[in-house]
Number of protein chains: 2
Amino acid sequence: MSIPTGNRPNRQPRVTILDVAAKAGVHVSTASRALNPKAEHRISGKMVRKIELIAEQLGYSPNPLATSLRTQRTGTVGLVVPNLSDPLFAPIIAAAQERVAEDDFVTFVASSDYKPEKLLSIIEIMSRRHVAGLMVASFDIKDPAADLCLKLGIPTVAVLRDPRHAELSSVTMDDEKGVRALVEHVLDLGHRRIAYITAPLAASTAHNRLAGFMAGTKLAKAAHCQFDVIEADAYHVEEGERIMKRLIADGMRWTAFLCFNDLLAVGALVALKAAGIACPDEISVTGVNDLPFMGLLSPPLTSLHNAGRKIGSQGAELLLDLIENGHAPTRHVLFSSHVVVRGSTGPAPSRPVQDRDRSAKAARRQPAVRARPRPP
Amino acid sequence: MSIPTGNRPNRQPRVTILDVAAKAGVHVSTASRALNPKAEHRISGKMVRKIELIAEQLGYSPNPLATSLRTQRTGTVGLVVPNLSDPLFAPIIAAAQERVAEDDFVTFVASSDYKPEKLLSIIEIMSRRHVAGLMVASFDIKDPAADLCLKLGIPTVAVLRDPRHAELSSVTMDDEKGVRALVEHVLDLGHRRIAYITAPLAASTAHNRLAGFMAGTKLAKAAHCQFDVIEADAYHVEEGERIMKRLIADGMRWTAFLCFNDLLAVGALVALKAAGIACPDEISVTGVNDLPFMGLLSPPLTSLHNAGRKIGSQGAELLLDLIENGHAPTRHVLFSSHVVVRGSTGPAPSRPVQDRDRSAKAARRQPAVRARPRPP
DNA sequence: CTTTTGTGCGCAAAGGATTGCCCTTGACTC
DNA sequence: GAGTCAAGGGCAATCCTTTGCGCACAAAAG
């Protein structure tokens with residue numbers, strides 16, 4: 001039920017510590033202590049050397065399963081992301097994996113597929129397997145999964161998304177400040193009709209970026225600014241494309257689009273190109289994360305640079321710390337992100353797209369969420 | 001030494017099978033058998049239901065460590081790639097992980113960093129941990145690491161790169177045919193001076209793609225074709241950029257560049273753009289793998305589509321098969337790849353770049369490898 | 001010379017499950 | 001009524017290490 005079947009193949013019989021002890025003519029406990037640096041009961045120096053030599057000769061290496069069973073330590077950590085192939089998460093995994101490997105931990109990796117119940121089951125599975133710690137990149141705000149980690153007593157670090165749990169350390173980007181800077185950027189370019197495409201607000205990232213957008217709207221000095229928020233249901237290119245297509249059909253009222261992430265932005269670009277709307281001449285678009293290749297698109301995407309590798313390694317660092325000192329104080333590491341200005345943002349056009357002949361037909365349905373315009 | 005330290009935190013005491021047995025008033029062996037579907041000694045139906053109920057009530061779940069120690073089965077598989085964040089490998093990992101998770105395996109993931117000795121150490125570590133099987137994407141041809149897997153008796157499947165070991169199953173792309181098709185493509189476009197940038201030939205992919213290129217050269221009907229091979233030292237964008245810069249400085253003699261992979265091709269595009277050389281008007285460029293976003297670059301990259309996810313899931317499939325039936329016959333699955341024609345390839349220009357005034361200065365150093373031109 | 005103090009190592013009990021073998025019963029056959 | 005048989009469970013070994021405790025012996029202290 002828990003451990004799948006599978007015939008063990010013809011492994012050669014492993015050499016155990018009994019073999020070493022036998023050959024050395026000592027008791028296993030002596031061998032164990034000799035091979036264990038932190039042996040409290042000390043063994044004489046020459047005996048240690050003798051046993052080490054014999055262990056070497058015999059090619060002995062301790063069976064981690066037995067060790068783990070005895071010590072309740074497995075030397076494993078779990079890494080969980082919502083999507084393994086997303087270019088945003090892969091570097092986080094990679095960097096974390098490298099860092100923990102330095103301390104001789106091996107990593108279980110799993111993908112929650114953006115499904116809360118799957119995350120719960122992953123955590124349970126990993127807990128059963130006695131992971132020493134967990135680094136999770138897919139917590140929602142007040143996620144029950146976070147409670148579960150704490151209840152199970154697993155040292156846990158949240159990365160990228162902060163469940164905002166009082167007892168859970170986190171490593172995140174300063175999304176709020178970042179998106180605010182993006183708003184500032186397009187305001188500086190003269191844009192006054194600005195839309196923000198948010199992701200589902202369960203994630204703290206979505207929350208913070210929206211907050212950043214709202215904060216940015218307060219910066220607007222001009223009298224007739226229009227700010228709107230549109231909610232996406234997913235995180236991928238196709239969703240961005242779908243949304244932008246709909247907006248174009250509905251009559252485009254904005255000159256600048258800030259997107260929750262690069263994937264949505266790329267989708268928006270695709271839709272704009274298909275509709276023959278020029279970016280940035282008619283509409284400016286921005287993303288978040290600055291994924292690889294974003295600078296090479298046409299137009300190159302203005303984005304917020306988020307350093308995935310730094311998040312991963314810092315998350316691992318915190319986690320190792322937590323594993324070592326059972327009750328380290330909760331910490332929240334915040335990396336600042338900076339706007340990378342590229343070709344997808346430009347000066348605001350004199351007239352928005354909807355005034356052009358081409359798109360006059362569509363009825364103007366309201367977007368999903370409508371932010372209140374903020375007078376200066 | 002093998003298992004890192006780390007204080008186990010305040011986990012609540014786990015409920016063991018003894019607790020279940022005690023509460024049921026039976027022996028642990030009875031409880032074990034009742035909870036184990038494949039129990040040979042059968043337990044009466046009502047007893048099974050009783051014990052299952054009690055186990056449920058107590059929240060019992062077997063300790064995989066103890067089970068593994070006893071049965072020598074761990075329910076884990078190892079996934080090894082050369083680089084976790086490479087957009088080529090991440091989907092392979094993701095798909096494989098999904099597939100084996102269906103069969104209740106959890107996955108150790110590690111990155112060999114393109115270092116043979118690191119691969120060896122990863123395999124040893126995973127072997128010690130009793131992985132049920134290994135899926136490796138970073139074997140070189142005749143890799144000692146492949147021998148090690150066999151020697152250790154670990155069911156192993158090679159993906160993407162085939163070590164060409166008689167006893168090792170593999171799942172790969174038909175690189176040879178693919179690259180030949182690319183050559184065909186640029187020949188059709190009228191190109192007669194064609195360079196191929198190969199990767200280090202230790203990898204079977206490099207080998208096969210070069211073979212595909214060489215095979216392609218035989219297709220050339222025109223009298224004065226020039227084919228050259230240039231060897232890259234790495235796989236990333238920067239290397240492609242470096243190489244192309246050097247070639248430009250040396251005086252560009254080619255009108256079409258086939259690159260070992262997309263990353264090198266993207267680097268080449270970057271260098272060309274920096275030098276003010278137009279692609280595809282002056283030079284055509286192709287890649288391999290068709291990574292995400294390649295169709296959105298400027299120019300969009302003509303590439304060979306390789307389905308990473310299919311490789312990953314098929315590799316997992318083979319591996320699970322191998323784990324189940326200790327001695328399944330060796331299999332080699334070959335996925336065909338197809339050319340995706342995009343904007344980075346176009347009709348051959350009338351004159352190659354070097355005849356233009358701008359680049360006449362540089363001495364013409366020979367490229368790293370010079371293939372013998374093939375007369376038609 | 002006896003009594004303390006270590007030092008160096010052995011003994012055996014965990015840790016939590018699986019499994020070969022044996023024992024007890026009740027049913028069934030002759 | 002004695003003998004056969006199979007079903008249902010119990011016993012204890014086993015997987016491999018780690019570790020609390022105890023023992024012996026030698027050196028140091030009285």
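Note on naming: letters A, B, ... go to the chains in the order of the sequence lines (proteins, then strands), and numbering restarts at 1 for each one. No experiment lies behind these values; they were computed from the predicted model shown.
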Integer-rounded Å distance: C:dG15 P and B:Asp19 CG: 11 Å

Partner set under salt bridge (charged side-chain N to carboxylate O under 4.0 Å, His left out) for A:Glu102, not counting sequence neighbours: A:Arg99

B:Tyr60 side chain near C:dA17 phosphate (N/O to OP1/OP2, under 4.0 Å): yes

Candidate pair A:Ser111 and B:Gln97, rule side chain to side chain contact (heavy atoms under 4.5 Å, CB included), full reasoning: CA-CA 8 Å; A:Ser111 163; B:Gln97 198 267 331; 4.1 Å; yes

Under-4.0 Å side-chain N/O to phosphate OP1/OP2 contact, B:Ser44 with D:dA7: no

B:Ser32 side-chain proximity, nearest of C:dC9, D:dC16, C:dT19: C:dT19

Between C:dG8 (P) and A:Met47 (CE): distance, integer Å: 11 Å

Contact nearer the 5' end of DNA chain D, comparing B:Ala66 with B:Lys46: B:Lys46

Verdict with reasoning, B:Asp143 to B:Leu119, per side chain to side chain contact (heavy atoms under 4.5 Å, CB included): CA-CA 10 Å; B:Asp143 200 323; B:Leu119 177 57; 3.8 Å; yes

Atom-to-atom span, CZ of A:Arg14 to C1' of D:dC15 - whole angstrom: 11 Å

Inter- and intrachain pairs under side chain to side chain donor-acceptor pair (under 3.5 Å), touching residues 50-62 of chain B, at least two apart: none

Side chain A:Asp86, main chain A:Asn83, donor-acceptor under 3.5 Å: no

Atom-to-atom span, CD1 of B:Ile43 to P of D:dA6 - whole angstrom: 18 Å

Under 3.5 Å donor-acceptor, B:Ser169 side chain and B:Arg331 backbone: yes

Integer-rounded Å distance: C:dG8 P and A:Lys50 NZ: 15 Å

Protein-nucleotide distance (A:Asn36, atom CG; D:dC16, atom C1'), rounded to Å: 14 Å

Under 3.5 Å: donor-acceptor pair, side chain of A:Thr16, backbone of A:Leu18: yes

Dump the pairs, protein N or O against N or O of nucleotides 11-13 of chain C, anything under 3.5 Å, distances to one decimal.
residue	atom	partner	partner atom	Å
C:dC11	N4	A:Ser29	OG	3.2

Rounded distance in Å - CG (A:Leu65) to P (D:dT17): 10 Å

Rounded distance in Å - CG (B:Leu69) to C1' (D:dC15): 4 Å

Out of C:dA17, D:dC16, D:dG10, whichever nucleotide has its closest atom nearest the side chain of B:Thr67: C:dA17

Phosphate OP1/OP2 of C:dA17 contacted by B:Thr16 side-chain N/O (<4.0 Å): yes

